[in-house]
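Right, one structure below, let's go through it.
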Amino acid sequence: MGIIEATGLRKTFAGEVPVEALKDIGLVIEEGEFVGIMGPSGSGKSTLLHMLALLDDPTTGQITVDGIDVLALSSIQKTSFRLHKLGYVFQEYALLPELNALENVYLPLMMLGAPAKDYGKAAMEMMETVGLGKRASHLVSQMSGGEQQRVAIARALVNHSKILFADEPCANLDTRNSEIVMKLLRQLCDERRQTIVMVTHEPEHRQYMDRVVWIKDGVMDHEEMCGQ
Ligand code: ADP
Ligand code: MG
């Protein structure tokens with residue numbers, strides 16, 4: 001069984017003119033896979049990611065994540081599931097500028113009620129994993145975009161998230177920093193068997209991925225194996 005299994009996903013946004021953003025998408029993602037979602041602007045990539053990541057509900061369809069029928073969960077259960085099992089990285093880093101990097105990374109553990117002595121250590125280990133051990137005490141507002149995104153990745157994974165969801169995480173980064181972030185994601189996949197689902201519109205990112213799901217007008221166009 002895949003770590004994510006989705007069938008018959010449809011999402012229609014209500015409005016004066018309803019938008020059918022997703023039309024009958026089916027998808028299986030295996031544990032430890034690094035999967036890209038690609039396609040033209042407005043094709044439904046972010047909408048699909050939001051459904052798989054439990055950030056929004058489909059209009060119809062079925063989704064199991066880690067064996068759980070997630071659409072059957074109550075809103076409180078869903079929040080708990082997200083906190084314990086899922087990690088998120090977006091185009092904007094969404095870090096707290098008045099906190100240092102380490103404090104940003106341990107916030108999710110505080111929210112989960114971990115003892116203070118444990119969360120400091122776990123956060124520091126994650127900072128080292130993303131190559132920023134020496135910068136743990138720096139304010140994130142004084143870090144480069146690439147460093148801030150690596151702090152955001154550390155924060156997303158500090159709770160041992162089973163799946164990392166990323167929506168255009170390199171969109172605000174220059175080529176060099178994008179490469180550092182993509183190599184880091186690949187390394188997390190290789191060394192920790194981290195499952196990663198990432199939206200991107202950069203064809204060069206395929207070299208770091210196992211597979212790309214191409215979306216067009218809300219339907220799956222084709223899948224591409226990337227030969228990692
Ligand atoms: P992509 O990420 O591929 O650029 P999106 O998933 O953001 O595309 O959007 C797919 C379609 O759904 C677009 O036509 C977009 O305008 C529409 N859409 C996305 N989110 C909303 C929303 N919250 N309300 C209404 N329409 C939306
Ligand atoms: Mg998008």
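Order of appearance sets the numbers: ligands from 1, and atoms from 1 within every ligand.
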Which heavy atom of [X] sits nearest a heavy atom of [Y], and at what distance?
X	Y	value
Phe34	Cys189	CB-SG, 3.9 Å
Val140	Leu96	CG2-O, 3.4 Å
Leu164	Ala156	CD1-CB, 3.5 Å
Glu20	Thr12	CG-OG1, 3.9 Å

Got the residues with a heavy atom under 4.0 Å of ligand 1, by chain and number?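 Within the 4.0 Å shell of ligand 1, which is judged on heavy atoms, sit Phe13, Val19, Ala21, Pro40, Ser41, Gly42, Ser43, Gly44, Lys45, Ser46, Thr47.
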
With sequence neighbours excluded, tell me which residues meet side-chain hydrogen bond (donor to acceptor under 3.5 Å, both in side chains) with Gln91. Asn172

Heavy-atom donor-acceptor pair, Lys11 side chain to Asp57 backbone, under 3.5 Å: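 The answer is yes, because a donor-acceptor pair under 3.5 Å joins these two groups.
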
Proximal protein heteroatoms (N, O or S) of the Mg ion (ligand 2), under 2.8 Å: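 Less than 2.8 Å away from the Mg ion (ligand 2) sit Ser46 OG.
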
Of all pairs that satisfy side-chain hydrogen bond (donor to acceptor under 3.5 Å, both in side chains), the ones with a partner from residues 32-47, not counting sequence neighbours: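 Qualifying pairs, neighbours excluded: Glu33-Arg211, Ser46-Asp167.
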
Could you tell me whether the side chain of Leu107 reaches within less than 4.5 Å of the side chain of Leu99, counting heavy atoms only?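 With C-beta onward as the side chain, the pair touches.
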
Evaluate the ring planes of His222 and Trp214, with Trp represented by its six-membered ring, and classify them as parallel (under 30°), tilted (30 to 60°) or perpendicular (over 60°). parallel

